[in-house]
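Side-chain atoms are counted along with the backbone in the values below, which use heavy atoms only and exclude waters and symmetry mates. This is a predicted model, so every value here is computed, not measured.
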Amino acid sequence: AELLTIQVSGHLENVQLYEQIRSNNNQMRAILDSTRDSIILLDAQGRLIDANISAESLLNISIEDYLYLDFAELIMSIANSESQADIADKGLMRLARDLRLQSQNINRHAFQLRVGGQIHYIESVGSPVMESPNDMMGRLLTLRDVTEERRLAEWREEVSHMLVHDLREPLSS
């Protein structure tokens, strides 16, 4: 009877630990899925382990279809797709190259991506995920859509140019 009590107690403790882990995983998923930035986790070989909803939307893919596949190949196939053909920017190819090199450095890239018929300006930051100081277990890739910020900067520059031009005309007369 005592052995049975110990076993039941152990099982109850395991159930509580499992529930706590599941709850923490759900919280982490909610946080990742609520951010606007695309967050992508790769393993040490460059294969896709996980990504948030923003990444699926930005890349226009279903993450489940690409789990455990080489992410650099996915990026190259997106870069070479017909929807990207008229974009001269080669930033996606540079991103794919850096992912293949598996550098332990932080890499930054800027590139254009056609999403839903519109060109979006993307900034990416790739960071190593270290298990120990000399052991890289993967990479964390963050893609940020800066299209709105870029368009606002262009608009601000255009307005400033118009103001300078409009003020210069009366002054020169």
Item to check | Shortest non-hydrogen contact from Ser57 toward Val115 | outcome: O-CG1, 4.2 Å

Checklist entry - Can you name the nearest heavy-atom pair linking Leu141 to Gly126, along with the distance? => result CD1-CA, 3.9 Å

Next on the checklist: Tell me if the CD atom of Glu64 is crowded by more than 12 foreign heavy atoms within 6.0 Å.
Outcome noted: no

Checklist entry - Do the side chains of Asn80 and Met93 get nearer than 4.5 Å, heavy atoms only? => result yes

Checklist entry - Apart from Val8 itself, what residues make up its hydrophobic cluster, given side-chain heavy atom links below 4.5 Å? => result Leu4, Leu12

Checklist entry - Quick one: does Val146's side chain get under 4.5 Å of Ile122's, heavy atoms only? => result no

Checklist entry - Are Leu67 and Leu143 linked, directly or through other ILVMFWY residues, by side chains that come within less than 4.5 angstrom of each other? => result yes

Next on the checklist: Is there a path of hydrophobic side-chain contacts, each under 4.5 Å between heavy atoms of I/L/V/M/F/W/Y residues, joining Val15 to Ile6?
Outcome noted: no

Checklist entry - Going by heavy atoms in the side chains, are Ser127 and Asn105 under 4.5 Å from each other? => result no

Checklist entry - Can you name the nearest heavy-atom pair linking Gly91 to Phe111, along with the distance? => result CA-CB, 3.6 Å

Checklist entry - How far does CE of Met137 sit from CG of Leu41, to the nearest 0.5 angstrom? => result 7.5 Å

Checklist outcome for this item: CD (Glu56) and CG (Asp65) are apart, to the nearest 0.5 Å, by 9.0 Å

Checklist outcome for this item: CG of Leu32 to CD1 of Ile39, rounded to nearest 0.5 Å, is 5.0 Å

Checklist outcome for this item: In this structure, CD1 of Ile63 is separated from CD1 of Ile40 (nearest 0.5 Å) by 6.5 Å

Checklist entry - Is there a donor-acceptor pair under 3.5 Å between the side chain of Ser23 and the backbone N or O of Gln20? => result no

Checklist entry - Does any non-hydrogen side-chain atom of Leu113 lie less than 4.5 Å from one of Asp145? => result no

Checklist entry - What's the shortest heavy-atom distance between Gln104 and Met130, and which atoms? => result OE1-CE, 3.5 Å

Checklist entry - So, Thr35 and Asp37: side-chain donor and acceptor under 3.5 Å apart, yes or no? => result no

Item to check | Atom pair CZ/CG of Arg47 and Leu74 - distance to nearest 0.5 Å | outcome: 15.0 Å

Item to check | Where Phe71 and Leu59 come nearest, the two heavy atoms and their spacing | outcome: CZ-CD1, 4.0 Å

Item to check | ILVMFWY cluster, Leu95 and Leu69 together (side-chain gap under 4.5 Å) | outcome: yes

Checklist entry - Stepwise, does the side chain to side chain contact (heavy atoms under 4.5 Å, CB included) test hold for Asn25 with Arg22? => result CA-CA 5 Å; Asn25 283 343; Arg22 193 170 65 81; 5.6 Å; no

Checklist entry - Within a strict 4.5 Å, meaning less than it, do heavy atoms of the Arg139 and Asn107 side chains meet? => result yes

Item to check | Separation of Ile53 CD1 from Asp33 CG (nearest 0.5 Å) | outcome: 3.5 Å

Item to check | Exercise: identify the closest heavy-atom pair between Ala51 and Leu48 | outcome: CB-CD1, 4.4 Å

Next on the checklist: Donor-acceptor pair, distance only, cut-off 3.5 Å: does the side chain of Thr147 make one with the backbone of Tyr121?
Outcome noted: yes

Checklist entry - Salt-bridged, Glu73 to Arg100, with N to O below 4.0 Å? => result yes

Item to check | Hydrophobic cluster identity match, Leu99 and Ile61, side-chain contacts under 4.5 Å | outcome: yes

List the atom pairs, with distances to 0.1 Å, where a side-chain N or O of residues 148-157 and a protein N or O form a donor-acceptor pair under 3.5 Å, not counting sequence neighbours.
residue: Arg151; atom: NH2; partner: Ile119; partner atom: O; Å: 3.2

